[in-house]
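Read through the structure below, which is laid out as structure tokens, and then see the notes.
Any value given below was found using the heavy atoms of this structure, including those in side chains, with hydrogens, waters and symmetry copies removed. Computed from a prediction, not measured in an experiment: that's the story for all the values here.
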Amino acid sequence: MDELAADPSAAGTEVVVIGIDGSPSSGIDLVTSAPGWRGEPGRSDAWTVVPGRGVWIEELEAEIRSRGLRPPRVIGVGMDLPGATPDSLRRDLESGLAG
């Protein structure tokens, strides 16, 4: 059976998508972006952090909507943000799961 064909909340299951804020692919609230930057690794001078959804997250949400399913809760954990520490990542996750 296609896992996305059924609504998991009908069985009492909550689905939570955890994305990596700062990632151009899986960011939830923040992504990295710059004109002409194609995502080459190691080029931190080429991008800035801006509000937005990552490409993969946008596509996942579009697919869920196209199937008429209720969107899952999403949590952004700032692993790809400057200054991220294990403590800040834990706080991001705990805050997202609590809310």
Euclidean distance, R65 CZ relative to E63 CD, rounded to 0.5 Å: 10.5 Å
Straight-line distance of R90 CZ to T85 OG1, nearest 0.5 Å: 8.5 Å
Interatomic distance, I75 atom CD1 to I20 atom CD1 [nearest 0.5 angstrom]: 11.0 Å
Single-linkage hydrophobic cluster, 4.5 Å side-chain cutoff, V16 and M79 together: yes
pair R53-I28: side-chain heavy atoms closer than 4.5 Å: yes
Check: S25 side chain, V55 main-chain N or O, donor-acceptor pair, under 3.5 Å: no
Heavy-atom closest pair, residues G76 and D21: CA-OD2, 3.4 Å
Euclidean distance, R91 CZ relative to E94 CD, rounded to 0.5 Å: 9.0 Å
Contact summary for I64 and P71, nearest pair of heavy atoms: CG2-CA, 4.1 Å
Considering all heavy atoms, the nearest V49-P82 contact: CG2-CD, 4.2 Å
Check against side chain to side chain contact (heavy atoms under 4.5 Å, CB included), L30 and L81: CA-CA 9 Å; L30 300 167; L81 297 177; 3.8 Å; yes
All side chain to side chain contact (heavy atoms under 4.5 Å, CB included) counterparts of V17, not counting sequence neighbours: I57, L60, P72, V74
N/O donor-acceptor pair under 3.5 Å between R73 side chain and G96 backbone: yes
hydrophobic_cluster_shared for W56 and V31, side chain cutoff 4.5 Å: no
Over all atoms of both residues, closest heavy-atom pair of S88 and G83: OG-O, 4.4 Å
